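This report concerns only the one structure given below.
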Amino acid sequence: MASMKDLKFIARQLRKPSGDFAGTIAEKMVAANLPLYELMFHNITFRDYDSILEIGFGSGAHFSDLLNMAYDLEICGIDYSPEMTELAKSINKVGLKTGRLKLHTGNSSCLPFQDGSFNTVFCNMVVYFWDDPSEHLGEILRVLKPGGIFYTGMRARESMLQFPFTKFGFNLYSTDEWCAVLQSHGFNVVGDFRKKDPVFDDDGDRVQLESVCIAAQKQG
Ligand SMILES: C[S@@+](CC[C@H](N)C(=O)[O-])C[C@H]1O[C@@H](n2cnc3c(N)ncnc32)[C@H](O)[C@@H]1O
């Protein structure tokens with residue numbers, strides 16, 4: 001069984017992968033969060049030439065799939081872990097070379113983009129780390145075009161409580177609570193998609209999560 005010190009370390013690494021362990025945690029996130037990316041990409045409305053921003057892309061292993069979801073998409077990613085930006089750059093050389101993928105190191109509380117830049121903004125497994133969601137949601141509203149959609153990918157509180165590390169620094173939400181946060185910041189919740197993930201073995205325990213994707217629109 002993991003000690004409290006280990007649990008705090010894992011929680012810190014999930015919040016911001018860093019140092020020698022960053023590559024290992026990135027690999028684990030790819031495996032654990034693949035069902036969430038599948039749900040997200042199935043439910044985002046992709047239109048040719050759309051501009052899309054992902055916040056907290058982690059390894060960025062999914063960008064080659066994302067670039068092919070419609071014709072001539074323009075994809076930007078921002079992650080505040082320099083290690084993740086470097087990893088994502090190293091495995092997305094082709095996308096970066098075409099100019100259709102741009103990756104930045106930075107915090108979603110201060111997005112380096114002009115007002116109304118994106119049709120779509122999304123993030124997976126990131127909102128737990130926003131201690132003051134207003135800072136981030138305000139920035140997302142600013143960079144979305146009128147009528148643009150912010151998709152939140154997450155596992156709700158009931159799923160996340162299966163992992164003891166979530167006691168350390170995670171802001172957990174039920175799906176209804178997160179929808180209420182979005183609405184209180186001026187978004188209009190327009191979609192709520194959910195799917196049970198495959199059962200997996202977590203150090204001898206059988207665990208099943210539910211992936212959730214909430215679509216919230218900026219008023220037109
Ligand atoms: C738990 S990982 C999820 C990674 C990936 N989205 C996935 O689902 O596998 C959280 C990621 O979000 C990044 N992150 C957390 N808070 C952030 C913020 N305020 N601004 C930018 N990136 C952030 C972390 O560096 C990390 O790469």
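FYI, side chains are in, hydrogens and waters are out, and symmetry mates aren't considered; it's all heavy atoms of this structure. The first residue of the sequence shown is numbered 1, and numbering continues consecutively from there. Keep in mind it's a predicted model, so treat the numbers as computed, not measured. Both ligands and their constituent atoms are indexed starting at 1 by order of listing.
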Which atom pairs, nitrogen or oxygen on both sides, join ligand 1 and the protein at under 3.5 angstrom?
| from | atom 1 | to | atom 2 | distance (Å) |
| --- | --- | --- | --- | --- |
| ligand 1 | 6 (N) | Y37 | OH | 2.9 |
| ligand 1 | 6 (N) | G56 | O | 2.7 |
| ligand 1 | 6 (N) | N124 | O | 2.9 |
| ligand 1 | 8 (O) | N33 | ND2 | 3.1 |
| ligand 1 | 8 (O) | N124 | O | 3.3 |
| ligand 1 | 9 (O) | N33 | ND2 | 2.9 |
| ligand 1 | 16 (N) | Y80 | OH | 3.4 |
| ligand 1 | 19 (N) | N107 | OD1 | 2.9 |
| ligand 1 | 19 (N) | S108 | OG | 3.2 |
| ligand 1 | 20 (N) | S108 | N | 3.0 |
| ligand 1 | 20 (N) | S108 | OG | 3.4 |
| ligand 1 | 22 (N) | Y80 | N | 3.2 |
| ligand 1 | 25 (O) | D79 | OD1 | 2.6 |
| ligand 1 | 27 (O) | D79 | OD1 | 3.3 |
| ligand 1 | 27 (O) | D79 | OD2 | 2.7 |

F113 and H104 aromatic centres sub-6.0 Å: yes
Lys/Arg N to Asp/Glu carboxylate O, D50 vs K145, below 4.0 Å: no
Ring geometry between W130 and F150 (parallel below 30°, tilted from 30 to 60°, perpendicular above 60°): parallel
Validation row, ring centre F170 to ring centre F163 under 6.0 Å: no
Lys/Arg-Asp/Glu bridge criterion (N-O < 4.0 Å) met for R157, E177: yes
Any donor-acceptor N or O pair under 3.5 Å, side chains D197, S211: yes
